[in-house]
J.: 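Got a structure for you, questions after.
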Amino acid sequence: QVQLVESGGGLVQAGGSLRLSCAASGRTFSNYAMGWFRQAPGKGREFVAVASWSVGVTYVGDSMKGRFTISRDNAKNMVYLQMNSLKPEDTAVYYCASSPRYTTSSLEYDYWGQGTQVTVSS
């Protein structure tokens, strides 16, 4: 059974930083791309970043580029999202997800975590 468990969310002031973690189990972690998505109240799910199964191959969404960094540790079955220079508009529930494809489309992710809340105050 595949499980993805996020942690590290919380309340932070604008300009601050948070590091989200996602622990994966139940499938061969290094065979799958890992993505982060977010969903703000009343909005659809938005792509944030993806890390390929090959360590070091990553892509970050345009609105987050330069502020967010995704990384993974295949030995620990972990994926991380380092978020710097946070803005109030980054407030959302953040989800990690697993996909057999290196993709930005949420439709191609077959397993999802339960989400972790990030709130950025102004």
Side-chain angles (χ1 to χ4, degrees):
Q1 182 180 358
V2 177
Q3 284 193 319
L4 302 174
V5 181
E6 303 97 335
S7 60
L11 174 63
V12 63
Q13 288 189 329
S17 298
L18 280 175
R19 187 195 195 206
L20 305 184
S21 300
C22 175
S25 62
R27 65 181 0 175
T28 305
F29 181 75
S30 58
N31 287 351
Y32 295 88
M34 296 296 297
W36 285 97
F37 292 80
R38 67 186 184 184
Q39 188 164 15
K43 296 188 176 182
R45 192 161 289 185
E46 179 186 18
F47 167 78
V48 175
V50 59
S52 170
W53 43 85
S54 299
V55 174
V57 178
T58 64
Y59 178 76
V60 177
D62 288 343
S63 64
M64 285 72 75
K65 206 162 288 184
R67 300 188 299 123
F68 290 11
T69 303
I70 186 171
S71 61
R72 65 189 293 164
D73 185 336
N74 285 345
K76 296 182 179 180
N77 288 3
M78 297 288 295
V79 62
Y80 307 98
L81 184 68
Q82 178 67 45
M83 305 185 294
N84 300 327
S85 303
L86 283 161
K87 306 175 182 179
E89 51 265 41
D90 294 317
T91 295
V93 177
Y94 284 71
Y95 299 89
C96 75
S98 176
S99 173
R101 299 189 63 186
Y102 179 59
T103 177
T104 63
S105 172
S106 62
L107 297 177
E108 298 194 76
Y109 286 78
D110 51 1
Y111 289 97
W112 294 79
Q114 82 289 349
T116 186
Q117 177 70 47
V118 170
T119 302
V120 184
S121 62
S122 57

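The structure presented is a predicted model; accordingly, all values stated were derived computationally and were not measured.
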J.: Can you tell me if Glu6 uses its side chain to pair, donor with acceptor, with the backbone of Cys96 under 3.5 Å?
T.: yes
J.: What distance do Trp36 atom CH2 and Met64 atom CE have between them, rounded to the nearest 0.5 Å?
T.: 12.5 Å
J.: Quick check for you: to the nearest 0.5 Å, what is the distance between Met83 atom CE and Thr69 atom OG1?
T.: 11.0 Å
J.: For Ala97 and Leu4, work out which heavy atoms get closest and say how close.
T.: CA-CD1, 3.7 Å
J.: For the pair Tyr109 (side chain) and Thr103 (backbone), establish whether a donor and an acceptor sit closer than 3.5 Å, ignoring hydrogens and angles.
T.: yes
J.: Hey, what do you get for OG1 (Thr58) to CZ (Phe68), rounding to the nearest 0.5 Å?
T.: 14.0 Å
J.: Say you draw a straight line from CE of Met34 to OG of Ser99; how long is it, rounded to the nearest 0.5 Å?
T.: 10.0 Å
J.: Which heavy atom of Val60 sits nearest to which heavy atom of Phe47, and what is that distance?
T.: C-CE2, 4.3 Å
J.: Please confirm whether the backbone N or O of Tyr94 pairs with a side-chain atom of Thr116, one donor and one acceptor, at under 3.5 Å?
T.: no
J.: Mind checking what makes salt bridge (charged side-chain N to carboxylate O under 4.0 Å, His left out) contact with Lys65, not counting sequence neighbours?
T.: Asp62
J.: Between Leu20 and Val118, is the side-chain contact (heavy atoms from CB on, under 4.5 Å) condition met? List the steps.
T.: CA-CA 9 Å; Leu20 305 184; Val118 170; 4.0 Å; yes
J.: How close do Ser30 and Asn74 get, heavy atom to heavy atom, and via which atoms?
T.: CB-ND2, 3.7 Å
J.: Can you give me the closest heavy-atom contact between Ser85 and Ser17, atom names plus distance?
T.: N-OG, 4.3 Å
J.: How close do Pro88 and Ser122 get, counting heavy atoms only, and between which atoms?
T.: CG-CB, 3.8 Å
J.: Does the Lys NZ or Arg CZ of Arg45 fall within the cation-pi geometry relative to Tyr95 - under 6.0 Å from the ring centre and within 45° of the axis?
T.: yes
J.: Measuring from Ser21:OG to Met78:CE, what's the distance to the nearest 0.5 Å?
T.: 4.5 Å
J.: Please check if Val93 and Leu18 belong to a single hydrophobic cluster, counting links between Ile, Leu, Val, Met, Phe, Trp and Tyr side chain heavy atoms closer than 4.5 Å.
T.: no
J.: Side chains of Phe37 and Trp112: does their closest heavy-atom pair fall under 4.5 Å?
T.: yes
J.: Holding to salt bridge (charged side-chain N to carboxylate O under 4.0 Å, His left out), I want the full list of residues that pass it with Arg67, two or more places apart in sequence or in another chain.
T.: Asp90
J.: Would a distance-only check, ignoring hydrogens and angles, find a side-chain to backbone donor-acceptor pair under 3.5 Å from Arg72 to Ala51?
T.: yes
J.: Consider only side-chain heavy atoms of I, L, V, M, F, W and Y, link residues closer than 4.5 Å, and tell whether Phe29 and Val57 are in one cluster.
T.: no
J.: If you measure from CD on Gln13 to OG on Ser121, what distance do you get to the nearest 0.5 Å?
T.: 5.0 Å
J.: Listed by chain and number, what are the salt bridge (charged side-chain N to carboxylate O under 4.0 Å, His left out) partners of Arg19, not counting sequence neighbours?
T.: none
J.: Determine, stepwise, if the pair Val120 / Glu89 fulfils side-chain contact (heavy atoms from CB on, under 4.5 Å).
T.: CA-CA 8 Å; Val120 184; Glu89 51 265 41; over 6 Å; no
J.: Considering all heavy atoms of both residues, which atom of Val5 and which atom of Gln114 are nearest to each other, and what is their separation?
T.: CA-OE1, 3.8 Å
